[in-house]
Student: 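Next up is a structure, given as structure tokens.
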Amino acid sequence: MKFYGTFAVALVVSVVFFLLFDAGLMKLQGLSLIFHK
Amino acid sequence: MSFFSGFKRLTCLTLLLFALLAGGFSFTSIPVFAKTANAEEAVKSEGAATEAVKEGEKKAEYPPAPKFTAADYPQIGGFNSRILVWIVAQLHLWFAAFVLAVPIFVLIIEAIGMATKDQRYDNMAYEFIKVSMAAYSITAIMGGLLMFSLLVFYPGLFKYMASLFSRSMLAYAFLFFAESASLYIYYYGWHWLEGGFRKWVHLTIGLVLNFVGTVLMLLANAWVTFSMSPNGVDPATGAFLGSEWNVIHNFLWNPLNLHRVIANIAYGGSIIGAYAAYKFLGSTSNEDKAHYDWMGYTANVIAVGGLLPLPFAGYWLTKEIYAYSQQMGITLMGGVFAWLFIMQAVLIGALFLSVNYYLWCGMGRSEGSVRYTKKIKWIAAAVVACFLVWFTPHTLVLTNQELKALGGPYHKYLGPLGIMPAKNTAVNIMIILTFLSFTLYRRANKIATVSWADAGSAVQAAIFTGAIGNIIFLGVYHGYFTNTAYKVAASIPQVSSTAVVIISTLIIDSMMFKGAKEVAPLKWGKVPARSQYALFTLAVSFTWLMGLMGYIRSGIRQHWHVNSIVRDNSINAFTPTIGYAAQIVTLAAIIFMAIVIFIFWLSNISSKKSAAH
Amino acid sequence: MKIFLKIVFFCVLVFSGFVGFANFGIPQVKPAPPPTEEKLDLGNITMDQFIALGDKIFNGKGTCTLCHNNVGKRAPMLDGAGEEAVANNASLRLKDPRYKGKATTPEEYIRESMKTPSAFVVAGFGSDGDTKSPMPVVTQGSIGLSDAEVDAVISFLQNKAGVEVTVKIPVGAPPAEKAEEAKPAEPAKTPEEAIAKFGCGACHKIGKEEGALGPDLTHIGKAKNESYLRKAVLDPNADIAKNCPGGPCAPGMMPPDFGAKMTGSELEMLVQYLVKSK
């Protein structure tokens, strides 16, 4: 249970991390994460 | 002599040399990353170029590029000059890649041997460099044959190239003194320069060997990339503009440099792996089997280590091709060369599948791997699924009837899997899964002793899951719901996610398994024979893939010797179909394989002598 | 030894797999041969032929359709008949505040966009905020269209769009033709050269040629004498041969003006060659 608990928390953290990470890398290329014309 | 005084002295020296190499590399890379010229400059320069063509009165200190007719190409001995140069150049490249790669990892393995004080690493490093000695002279033979072929069959072109690259060609020739000297001292002096300070001297010589070899490759890369993306010559007349640095430092030089350094490492590892597999299958004693199994494993790790970042070096190279000439880029991936990339996909799939298969077979060396064997079939299924996506084409080449039946040139459901975002998603996941196989293999035989091991694994699993999910999100959302600019840009966070997984997992692993216990000593040598065939598949696929990509790189110039500067007007100036090109590549690969077998046999007969003592 | 052979067999098997797939599993796309210079006889060309030439260049040598197509949306569509056709919307673009060029008419706009593509970049197709075009300069480098060829393409685009073709057929030969004319007209030195020069092989089986419209000349020396053969070249309709490969020979097929085109030495050389063709 300890494994799955840690996994769930870590998964949420990593999802948030990756979304911010993506947004940053897209911004570096002059674009945003979410598409708009 | 104390270990550390030698350590300090020579570490400084080696670090200085590395810094020079890295600094020189990045300094020359900077203009590549510089912002593109602004719009007005673009208009002005286009207009100026057109004006220059109109006037045609540029003050030229150097003559314009030659214009050849069929008569300028000597026909000798019934040879098809194009095929001959193609095969010889490819053979030279295969051997050159091998002899440049081996010193890289020999140096690293020697250093590991010094750090761990484990003699086995040193012995293995010595065995690797021994194999490459015969290959070195064959590389030189091929290089000489290539040069003579160019001189005999393409004298006008060679004259033009020599006039541009005069200094660098001389430097290239003279550098071979340094290359040979360092290689011979490094090899022959291996046991003479033993122990303490002398070992550091030996290591430094190995570093010099690598440095010189890299410079040689960089020079040769300049000639090759100049043909594709010429710089430093008048675009209208092809006349040399005076600066040899400018012709060397053309648009595609650094992308090719990076690509070749990484690819050489991967390729060299695969050839050594084939050597080890060959010796393993021929071994009779358990000791020999264990030794060659371990060698094969190490070689595979090197090959995988080079293979993982390679798609991205290739992606950068292609990106720069597009940036240099969108026309060239589109011909490459959307025009007549497009289907070659499906062939490339098949080969890369073969590479990834053999690497993974070898790792799964190798799990049998450890008793602790039993806990992972059930998971392997899921990884296998996922890798195969990724490969199928990776290999699905977009635009189908159809007859009119088929077009009508299908309602267009795309398959309704599978067509969307053919575009780049799907490919990037598939390859990133394949790389992560291969890395997962590798991670599981490494920890199969370990029992972590730190208190937070479970939590650590959970965190790693979360990072893997999050990254894969992220890559899929980026691929699907940006690939199908946005425009071209977003599609292309999304590939950067995709590859970065893969990098995050690899780096974070390695870091956490190193902390988590500090002081770990062994389940049982690894049973080196206890692998099924079919695992060795996976190593052969790796070497063979790599070789064929290099041949294919070499054809693409050279063929993309089509009917130009130097793109848009020197027309190829020989009677052999045709761009072949992929089937034809595949036949030539296969022929060359078989010749290569025959010579490699010869080299392996040489190492066999020379070792027989020492066994008698 | 057995193991060695096994390994070799395995490697050859893998190679066969790859080369087999490349030959049979993938469509064999045949790349176009190197482009040749268009020999433009501008003195005699009609506007329809000029437009057809533009069509040929647009779809061929100009490599326009590599990017200007419906796949991948890399470049604006040019050759339709609607709004998107550049010949139709050029005047709008000339008025666009982002336009940086010097053209005043749609024809000039199209010409300018081929020589300085960044003068105006259609929204969404450029880099640096649509200020830099990825299009190459068409009159240079690997495309290298001549001014006459550029004009032909413009005429094609205008015609396709359904607007008036404003391009004038260039008077005065383009450089390609000048080079042809500049060569001194040397008489052919060998019978084979003369046969090639005057195109005998287009209709006759003679020498290496395999024309099948007129009588077979490979053994004509046996059937006819020297004076007949000389007359046959200078005045072909004086005596029409009975049998041609496709049926009875038709009058007025062979050119009657060889007497004016050939030099004396060429005529004599050909006649002697035919006499000897027994």
Student: For C/Ile143, which atoms come within 4.5 Å of any heavy atom of chain B: side chain, backbone, both, or neither?
Tutor: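 Side chain only.
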Student: I'd like to know which of B/Ser325, B/Ser541, B/Gly238, B/Gly282 tops the heavy-atom pair count under 4.5 Å against chain C.
Tutor: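 Highest number of pairs under 4.5 Å: B/Ser541.
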Student: Working to the nearest 0.5 Å, report the span between CD of B/Gln326 and OG of C/Ser133.
Tutor: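 The CD atom of B/Gln326 sits 8.0 Å away from the OG atom of C/Ser133.
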Student: Report the distance from atom CD1 of C/Ile3 to atom NZ of B/Lys279, rounding to the nearest 0.5 Å.
Tutor: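 C/Ile3 CD1 to B/Lys279 NZ: 12.5 Å, rounded to 0.5 Å.
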Student: I need the B/Tyr533 OH to C/Leu13 CG distance, nearest 0.5 Å.
Tutor: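 Going from the OH atom of B/Tyr533 to the CG atom of C/Leu13 covers 11.0 Å.
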Student: Identify which part of B/Thr537 has an atom lying under 4.5 Å from any heavy atom of chain C, answering side chain, backbone, both or neither.
Tutor: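 Contact with chain C is through both the backbone and side chain of B/Thr537.
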Student: Do the rings of B/Trp544 and C/Phe18 sit parallel, tilted or perpendicular, given the 30° and 60° boundaries?
Tutor: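 Ring orientation, 0 to 90° scale: tilted.
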Student: Give, as side chain, backbone, both or neither, the part of B/Met343 having an atom under 4.5 angstrom from any heavy atom of chain C.
Tutor: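 The answer is both parts of B/Met343.
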Student: Non-hydrogen atoms of chain C under 4.5 Å away: do they reach the side chain of B/Val540, the backbone, both or neither?
Tutor: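 Both backbone and side chain.
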Student: So what's closer than 4.5 Å to chain C heavy atoms on B/Tyr322: side chain, backbone, both or neither?
Tutor: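 Answer is side chain: those atoms of B/Tyr322 sit under 4.5 Å from chain C.
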Student: Check whether C/Lys6 gets within reach of chain B through its side chain, its backbone, both or neither, counting any heavy atom under 4.5 Å.
Tutor: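 The answer is both parts of C/Lys6.
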Student: Measuring heavy-atom distances to chain B, does C/Pro136 have an atom under 4.5 Å in its side chain, in its backbone, in both, or in neither?
Tutor: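 Just the side chain, heavy atoms under 4.5 Å.
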Student: Find the distance between OH (B/Tyr278) and CD1 (C/Ile7) and round it off to the nearest 0.5 Å.
Tutor: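 Output value for this atom pair is 6.5 Å.
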Student: Taking all non-hydrogen atoms of both residues, which atom of B/Gly579 and which atom of C/Asn23 are closest, and how far apart?
Tutor: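 For B/Gly579 and C/Asn23, the tightest heavy-atom pair comes out as CA-OD1, 3.1 Å.
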Student: Using non-hydrogen atoms only, which part of B/Ile597 is less than 4.5 Å away from chain C: side chain, backbone, both, or neither?
Tutor: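 When you check distances to chain C, only side chain atoms of B/Ile597 fall under 4.5 Å.
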Student: Which of the residues B/Val346, B/Leu347, B/Ile565, B/Asn563 is involved in the greatest number of heavy-atom pairs with chain C at under 4.5 angstrom?
Tutor: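 Going by pairs under 4.5 Å, I would pick B/Leu347.
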